[in-house]
Amino acid sequence: MRRFLRGLAALCLLGTVFVLPSPAHAAAGQYTFNTGAMAAGSSRTWHWNNAGTGNAYQVGLSPQGATAAATCEFEVVRDWYAQLPGEIEYWFTVKNVGTISCNADVTLAWNTTSGSTPTLSAAPGETAGTWYHYDPSPATTAISVALIPSGGTAANPCQYEIERMQVVASEGERRHGITVVNVGAITCSVTVRVTPLASSSSWSSGSMTPMSTKNWRWNNANPLTAVHVVTLNPNQDARYFSIERTWYLQRINTDGSAEREFWLTVKHFNSPANATAQVLLARAA
């Protein structure tokens, strides 16, 4: 599950807030900038104006400044969508989760989505519901999710965030359950859209006991502007899995070369028995 703090008042706890320029109108695109030096444990928040209705955003990180003794590690610890009259904004918080002061190049990628889902409403701090995205098994795609809030005002934007996303196989289909929560200050509405991204790599989780987790790393996660997206395809019916966490690090190898790595944590929930899943790695850009 992604870690988050609810409500606009929490922004002051997350670090400085920055505004990014508006994206071009394109089916897919990306924009790269640098975080600047960040102390270990610190975080910064940015937002992308005029994000468009239905664009699905993903953030890639290329940490810089590792040493032979310590890796440089960065993670997107929170992201959400906000709507106010005339625009939708995409917000995200990046944290230095390593042990040294360093920086990271941030690549913001977006892909257009299609289709529609029912519009639901929720009060502040409450979930609006769970949407389900189905695809036939064997699934070979990862997904990127767009949230489309509505009902915000200039004084009180409508803000929604993904609270959790679980994947289960059932009768020949894979189902993503996407639960979203109102993280703003007013009751308002939201819809969800999804875009599939073809996976370029896949591997088995191996047998996992209920409520267990496993970590993997993708070495040489190049090019440095690649934005990785990962999801799962359970191999047995009624087995629930999720991606609990993703982060990027830079490592200095023994030969002095710098290596970018993409790390992920998979969780098998309280299913009836041990189970396996295919991990599907794709790129948003």
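Between Ala285 and Ala109 the shortest heavy-atom distance is CB-CB, 3.5 Å. Across all non-hydrogen atoms, the minimal contact from Pro85 to Ala154 is CD-N, 3.4 Å. The shortest non-hydrogen separation linking Thr99 to Ala70 is OG1-CB, 4.1 Å. For the residue pair Ser144 and Tyr57, the shortest heavy atom distance occurs at OG-O, 4.2 Å. Nearest heavy-atom pair across Ala142 and Ala282 is CB-CB, 3.8 Å. Minimum heavy-atom separation, Asp255 to Ser257: OD1-OG, 2.6 Å.
Between the side chain of Glu75 and the backbone N or O of Glu73 there is no donor-acceptor pair closer than 3.5 Å. With hydrogens and angles ignored, the 3.5 Å screen pairs no side-chain donor or acceptor of His228 with any backbone N or O of Arg283. Checked by atom type and distance alone, the side chain of Thr45 never pairs as donor or acceptor with a backbone atom of Thr93 at under 3.5 Å. Distance alone, capped at 3.5 Å, places no donor-acceptor pair between the Asn220 side chain and the Asn222 backbone. A donor-acceptor pair under 3.5 Å is absent between the side-chain atoms of Lys95 and the main chain of Arg44, judged by distance alone. Between the side chain of Gln250 and the backbone N or O of Ala66 there is at least one donor-acceptor pair closer than 3.5 Å. Proximity of a side-chain donor or acceptor of Asn111 to a complementary backbone N or O of Ala284 within less than 3.5 Å is detected. Counting only distance, with no hydrogens or angles, the side chain of Arg260 and the backbone of Ala221 share a donor-acceptor pair below 3.5 Å.
A continuous path of hydrophobic side-chain contacts links Val76 to Val106 [ILVMFWY only; heavy atoms under 4.5 Å]. A single hydrophobic cluster is seen to contain both Val230 and Tyr248, as judged by linkage of ILVMFWY side chains at heavy-atom distances under 4.5 Å, directly or through other members. By the criterion of side-chain heavy atoms lying less than 4.5 angstrom apart, applied directly or through intervening Ile, Leu, Val, Met, Phe, Trp or Tyr residues, Phe92 is not grouped with Val229; the two fall into different hydrophobic clusters. In terms of hydrophobic clustering, with Ile, Leu, Val, Met, Phe, Trp and Tyr side chains grouped at heavy-atom distances under 4.5 Å, Val194 and Tyr132 are assigned to different clusters. A single hydrophobic cluster is not seen to contain both Trp216 and Val167; linkage of ILVMFWY side chains at heavy-atom distances under 4.5 Å, directly or through other members, places them apart.
The ring pair (Phe, Tyr, Trp, His ring centres under 6.0 Å) test with Trp46 is passed by exactly one of Tyr31, Phe33, Tyr90: Phe33.
Screening residues 185-200 for side-chain hydrogen bond (donor to acceptor under 3.5 Å, both in side chains), with sequence neighbours left out, gives Ser121-Ser189. Under the disulfide bond (SG atoms under 2.5 Å apart) criterion, the residue pairs touching residues 103-185 are Cys158-Cys188, with sequence neighbours excluded.
Considering only heavy atoms from C-beta on, Thr276 comes within 4.5 Å of Gln236 through its side chain. Considering only heavy atoms from C-beta on, Thr265 stays 4.5 Å or farther from Ile243 through its side chain. Under the 4.5 Å side-chain criterion, counting only non-hydrogen atoms from C-beta, Val94 is not in contact with Val77. No side-chain heavy atom of Tyr81 sits under 4.5 Å from any side-chain heavy atom of Ile148. When side chains are defined from C-beta on, Phe74 counts as touching Met38, because their heavy atoms get closer than 4.5 Å. Side-chain atoms of Arg175 and Tyr240, non-hydrogen and from C-beta on, do get closer than 4.5 Å to each other. When side chains are defined from C-beta on, Thr153 does not count as touching Leu84, because their heavy atoms never get closer than 4.5 Å. Looking at heavy atoms from C-beta onward, Met165 lies in side-chain contact with Val145 at the 4.5 angstrom threshold.
The OG atom of Ser202 sits 8.0 Å away from atom CG of Asn233, with the distance rounded to the nearest 0.5 Å. Rounded to the nearest 0.5 angstrom, Asp135 CG and Thr231 OG1 are separated by 8.5 Å. Rounded to the nearest 0.5 Å, atoms CG (Leu120) and CG (Asn182) are 12.0 Å apart. Atoms CZ and OG1, from Arg251 and Thr71 in turn, are 6.0 Å apart once rounded to the nearest 0.5 Å. With rounding to the nearest 0.5 Å, the separation of CE in Met208 from NZ in Lys214 is 6.0 Å. One finds the NE2 atom of His47 at 13.0 Å from the CD1 atom of Ile88 (value rounded to the nearest 0.5 Å).
For the 3.5 Å distance criterion, the side chains of Asn103 and Thr35 fail to qualify, holding no donor opposite an acceptor. Looking only at atom types and distance, the side chain of Thr213 has no donor-acceptor partner in the side chain of Glu244 under 3.5 Å away. No side-chain donor from either of Gln30 and Thr107 sits under 3.5 Å from a side-chain acceptor of the other. There is a side-chain donor-acceptor pair under 3.5 Å between Asn253 and Glu259. Defined by atom type and a distance below 3.5 Å, a donor-acceptor pair is missing between the side-chain atoms of Ser242 and Gln166.
Ring pair Trp91/Trp80 is parallel by interplanar angle, where below 30° counts as parallel and above 60° as perpendicular. The aromatic rings of His268 and Phe241 lie parallel to each other, their planes meeting at an angle below 30°, with 60° marking the opposite boundary.
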- Start with the C-alpha distance between Ile178 and Thr130, add both sets of side-chain angles, then the distance that settles side-chain contact (heavy atoms from CB on, under 4.5 Å), and finish with yes or no. CA-CA 5 Å; Ile178 305 160; Thr130 298; 5.6 Å; no
- Message: For a side-chain contact (heavy atoms from CB on, under 4.5 Å) check, start with the C-alpha distance between Val181 and Tyr160, then their side-chain angles and the critical distance, and finish with the verdict.
- Response: CA-CA 6 Å; Val181 62; Tyr160 275 91; 5.8 Å; no
- Task: Evaluate the side-chain contact (heavy atoms from CB on, under 4.5 Å) criterion for residues Val192 and Leu147: first the C-alpha distance (whole Å), next the side-chain angles of each, then the deciding distance (0.1 Å), finally the verdict.
- Result: CA-CA 5 Å; Val192 176; Leu147 305 184; 3.8 Å; yes
- Task: Test side-chain contact (heavy atoms from CB on, under 4.5 Å) on Glu173 and Glu171 and set out the steps.
- Result: CA-CA 6 Å; Glu173 289 186 310; Glu171 298 180 350; over 6 Å; no
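Aromatic rings from Trp110 and Trp48 are positioned such that their centres are separated by under 6.0 Å.
Between Glu261 and Arg217 a salt bridge is recorded (basic side-chain N to carboxylate O distance below 4.0 Å).
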